[in-house]
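Step one of this worksheet: look at the structure below.
Lettering of chains follows the sequences in order, A, B, ..., and the numbering in each one begins at 1.
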Amino acid sequence: MIGPGFADRIRAELKRAALSIGAPADVEPILERPRDPAHADWASNIAMVLARPLRRKPTEIATAIRDSMNLADAGVDRIEIAGPGFLNFRLDPATVAETVRGIVAENENYGRSAAGENCPVVVEFVSANPTGPLHVGHGRQAALGDAISSLLEWTGWRVSREFYYNDAGVQIDNLELSVRAHINSNGGPAEIPEGGYHGEYVREIAVRYDAVTGEGVREFALRALRAEQDLDMQAFGVKFDTYYLESSLYTDGKVHDVVDRLIANGHTYESEGALWLRTTQYGDDKDRVMRKSDGTYTYFVPDVAYHLTKWQRGFTHAINVQGADHHGTTTRVRAGLRALNMGIPEGYPQYVLHQMVTVVKESEEVKISKRAGSYVTVRDLIDWVGRDAVRFFFLMRKGDSPLVFDVDLARRQSDENPVYYLQMAHARMSGIFRVGEIDASRMDVSSVDLSVLAEAEEQALIKQLLDFPAEISGAAAAMEPHRITAYALETARLAHFWYHKHHVLGEPEPIMLARLALARAAQIVIRNTLHLLGISAPERM
RNA sequence: GCGCGCGUAGCUCAGUUGGAUAGAGCGUCGGCCUCCGGAGCCGAAGGUCGUGGGUUCGAAUCCCGCCGCGCGCACCA
């Protein structure tokens, strides 16, 4: 560990100093990177925090702490006191430069940590009904779910990516009826029933259906659409570890078991010919119907059964990535799980909800596609701008805010396009090695004198590279991949700055060797961010 | 009406879980540059962080009210 290494040393020495001036024994100094790098490399607000318990002025405390700190033990060059009582720590440029060696050595593992302790977690995403091609909302989910999964893997969790097919229920009935309508119309205009599906794909399925095989229309349609969705995800580069079929919950009797258990636990009642669950006992604003008056179950019962299987399969942590339009279901699923009295905690599963996606092309919103009819598909986006751009654009914004997908920007081959800018930074670093005819992957930096990396752009770039592990763990803990896209762009920016200002090849050998090491470190970090986000890192463009 | 989310520069958005003078990209204006790899670099203008209160050493961030936008409020998923 390189980045936190500094912080740990400073923190330990800071704590020792704080205790020596009478701080409470349980004091835990907080270190942070100041927003403005001109202030310091690392900063602590400990003096302000201690002001109250010690009944002294923050600046006074800060001075006392500074005076009792050992610079060498903390590994810092300078300590300053600023503002209301910040302790600002500055690192020696040669110390900073030295860290490049570690980044190059760790290579593809740089940024990983073990915080998750190999704990199993299931991340469920996309989970579309097999009733049509995947739409852009599913695309956002796929990008988010896959990136969150990667973040968790990078921080030491054992991740299982899961796709839940809602292949039961009324919507599947409607799909079957829609396909049958086309079959019956014999190529003529079909009478699609109320609630049915109108896309071109429905007609295609009807045309391809062959009654002679003995396979039912319903099974054939489901199989075709699942295959199509699988291809969409494959084109997007997303791989699932498991697929779970809603229908299996019925055939395995799991839905019945859940209902029986809920009844046995006394959380249900009959009313108006239906069976209700008292979800209001668990924070819902009204009780929910479990079994309709026609004897079938509402969707949330298999949902509860499904999430129970996650728990029983050993996933003590479960994360669901869904559109915000499903927000209403979270409370009742959790309520159902708790009503089982099986020790499933209140916040299980965790939800990551995202807002809607609108697609804009030539300044106009695109709402329809030929294949799907009333919506734009993930496949359309991939065809228009490529997988990398689709992924990046979906991850650029935090899930809480609606996303406008600018197709024209995404396909532009210039710096205005963030994906291009980012990949170009990687290509540039790679270009240095190509032109210099150096095999970067075999580069030995163990005996290079890195202390010559003292230029402002070099120090800024290195410090940025050092932030990478902390960025990963922060983004993983918050389940916010957009932090990584922002970090990647900033890293690319600093790499571009450095590249424009300073030459590598053709410099005197000591400088060239050190700069080659830095170019390699930058290449590694940019490549790692790209790979983590599921985006390719081209060597040339 | 109730619940959830969001209001930050002209536009698109960040803001490290309460820290220092609120940032970036695009756009606008002024000036350089043509270099391993493609118009890049430097500087400037631009903000009552929707609004009114509260909490404290300190608030864009936490709490309450109000305004505006989105989503949800099914015996659909």
| request: For B/C49 versus B/U21, give the span between their P atoms, rounded off to a whole number of Å. | output: 15 Å
| query | In whole Å, what is the span from the CG atom of A/Asp400 to the C1' atom of B/C71? | reply | 12 Å
| Nucleotide of B/A20, B/C75, B/G19 approaching A/Val49 most closely (side-chain heavy atoms) | B/G19
| query | With a 3.5 Å cut-off and no angle check, do the side chains of A/Gln464 and A/Thr491 form a donor-acceptor pair? | reply | yes
| request: With the side chain of A/Asp325 defined as its heavy atoms from C-beta on, choose the nearest nucleotide among B/A77, B/G25, B/C71. | output: B/C71
| query | For B/G65, what is the paired nucleotide under Watson-Crick or G-U wobble rules, both distances under 3.5 Å? | reply | B/U51
| task | From the options B/G38, B/G15, B/A77, select the nucleotide whose nearest atom is closest to the side chain of A/Arg483. | result | B/G15
| Is B/A9 paired to anything, Watson-Crick or G-U wobble with both distances less than 3.5 Å, and if yes, which nucleotide? | none
| field | Distance, P atom - from B/G50 to B/U12, rounded to whole angstrom | value | 15 Å
| message | At 4.0 Å (heavy atoms only), tell me whether A/Lys501 reaches a base, stays on the sugar-phosphate, or touches nothing. | response | nothing
| said: Please classify the nucleic acid contact of A/His326 as base, sugar-phosphate, or nothing, using heavy-atom distances under 4.0 Å. | reply: base
| said: Does the plane of the ring in A/Tyr164 sit parallel, tilted or perpendicular to the ring in A/Tyr244? Use 30° and 60° as the thresholds. | reply: tilted
| note | When rounded to whole Å, the CZ to C1' distance for the pair A/Arg288 and B/C76 reads 13 Å
| Nearest-Å distance for atom pair NZ/P, residues A/Lys286 and B/G72 | 14 Å
| When all nucleic acid strands are considered with a 4.0 Å heavy-atom cut-off, which category describes A/Met541: base, sugar-phosphate, or nothing? | base
| For B/G46, what is the paired nucleotide under Watson-Crick or G-U wobble rules, both distances under 3.5 Å? | none
| query | Base, sugar-phosphate alone, or nothing: which one does A/Met356 contact when heavy atoms must sit under 4.0 Å apart? | reply | nothing
| message | Does the Lys NZ or Arg CZ of A/Arg226 fall within the cation-pi geometry relative to A/Tyr165 - under 6.0 Å from the ring centre and within 45° of the axis? | response | yes
| said: At 4.0 Å (heavy atoms only), tell me whether A/Glu272 reaches a base, stays on the sugar-phosphate, or touches nothing. | reply: base
| request: Measure from the side-chain heavy atoms of A/Phe86 and tell me the nearest of B/G19, B/C13, B/C35. | output: B/G19
| said: Heavy atoms from C-beta onward define the side chain here; which of B/G19, B/U17, B/C75 lies closest to that of A/Pro84? | reply: B/G19
| field | Syn/anti state of B/U17 by chi, 90° boundary around 0 | value | syn
| said: Using the ring centroid of each side chain, check whether A/His496 and A/Tyr421 are separated by less than 6.0 Å. | reply: yes
| query | Using a cut-off of 4.0 Å on non-hydrogen atoms, how would the nucleic acid contact of A/His502 be classed: base, sugar-phosphate, or nothing? | reply | base
| query | Is A/Ser293 touching bases, backbone alone, or none of the nucleic acid, heavy atoms closer than 4.0 Å? | reply | base
| request: Remember a base hit wins even if backbone is also touched, and classify A/Asn45 as base, sugar-phosphate or nothing at under 4.0 Å, heavy atoms. | output: base
| For the side chain of A/Thr329, counting heavy atoms from C-beta on, which of B/C75, B/A77, B/C13 is nearest? | B/A77
| message | Which nucleotide, if any, forms a Watson-Crick or G-U wobble pair with B/G40, using both distances under 3.5 Å? | response | B/C32
| message | Using a heavy-atom cut-off of 4.0 Å across all strands, would you classify A/Lys398 as base, sugar-phosphate, or nothing? | response | sugar-phosphate
| said: Need one value for A/Phe300: base, sugar-phosphate or nothing, where a base atom within 4.0 Å counts as base even if backbone is also close, heavy atoms only. | reply: nothing
| field | Touch class at under 4.0 angstrom, heavy-atom based, for A/Arg540 against every strand present | value | base
| request: Using a strict 4.0 Å threshold on nitrogen-to-oxygen distance, state whether A/Glu270 and A/Arg291 make a salt bridge. | output: yes
| message | Tell me if the side-chain of A/Asn88 makes a donor-acceptor pair with the base of B/A20, cut-off 3.5 Å, by modelled atom types. | response | yes
| field | Pairing partner of B/G1 (Watson-Crick or G-U wobble, both distances under 3.5 Å) | value | B/C73
| note | To the nearest angstrom, the CH2-P distance between A/Trp498 and B/C42 comes to 16 Å
| task | In whole angstrom, give the distance that lies between atom CE of A/Met424 and atom P of B/G38. | result | 7 Å
| Residues A/Glu458, A/Arg515: salt bridge by 4.0 Å N-O rule | yes
| message | Tell me the interatomic distance from A/Arg493, atom CZ, to B/C26, atom C1', rounded to whole angstroms. | response | 13 Å
| query | Among B/G25, B/G19, B/C36, which is the nearest nucleotide to the side chain of A/Tyr499? | reply | B/C36
| request: Determine, for A/Asp388 against A/Arg391, whether the closest basic-nitrogen to carboxylate-oxygen distance falls under 4.0 angstrom. | output: no
| query | Could A/Asp173 and A/Arg218 be called an ion pair, given the rule that one side-chain N must be under 4.0 Å from one carboxylate O? | reply | yes
| task | Starting at atom CZ of A/Arg397, determine the distance to atom C1' of B/C11, rounded to an integer number of angstrom. | result | 11 Å
| said: Distance check, C1' atoms only: B/U34 and B/G19, in whole angstrom units. | reply: 44 Å
| field | Listed nucleotide nearest any side-chain atom of A/Ala486, set B/A14, B/C36, B/A77 | value | B/A14
| message | Could you tell me how far apart A/Glu507 (CD) and B/C35 (C1') are, to the nearest whole angstrom? | response | 12 Å
| said: Does a side-chain N or O of A/Ser414 approach OP1 or OP2 of B/C26 to a distance below 4.0 Å, or not? | reply: no
| message | Students often mix this up, so state it plainly: with edges at 30° and 60°, are the rings of A/Tyr110 and A/Phe468 parallel, tilted or perpendicular? | response | tilted
| message | Classify A/Ala475 by what it touches in the nucleic acid, base, sugar-phosphate, or nothing, heavy-atom distance under 4.0 Å. | response | nothing
| task | Determine the interatomic distance between P on B/C62 and the same-named atom on B/A20; round to the nearest Å. | result | 16 Å
| query | Can you tell me how far C1' in B/A9 sits from the matching atom in B/A24, rounded to whole Å? | reply | 11 Å
| message | Heavy atoms from C-beta onward define the side chain here; which of B/C57, B/A20, B/C41 lies closest to that of A/Phe497? | response | B/C41
| field | Pairing partner of B/G19 (Watson-Crick or G-U wobble, both distances under 3.5 Å) | value | B/C57
| remark: Sorted by position of nearest nucleotide on RNA chain B, 5' first, the leading residue of A/Glu32 and A/Leu353 is A/Leu353
| request: Determine the interatomic distance between C1' on B/C66 and the same-named atom on B/A22; round to the nearest Å. | output: 25 Å
| message | Suppose you measure atom C1' in B/C33 against the same atom in B/U16; what distance do you get, rounded to whole Å? | response | 36 Å
| task | Please work out if A/Ala324 contacts a base, only the sugar-phosphate, or nothing of the nucleic acid, heavy-atom cut-off 4.0 Å. | result | sugar-phosphate
| With sugar-phosphate meaning primed atoms plus P, OP1 and OP2, does A/Ala477 contact a base, only sugar-phosphate, or nothing at under 4.0 Å between heavy atoms? | nothing
| message | Closest approach to the side chain of A/Gln355, judged atom by atom: which nucleotide of B/C75, B/G5, B/C36 is it? | response | B/G5
| said: Here's one to test your reading of the geometry: is the NZ or CZ of A/Arg288 within 45 degrees of the ring axis of A/Trp276 and under 6.0 Å from its centre? | reply: no
| query | For atom C1', what is the distance between B/U55 and B/C64, given to the nearest Å? | reply | 11 Å
| On RNA chain B, nearest-nucleotide positions of A/Asp303 versus A/His500: which is more 5'? | A/His500
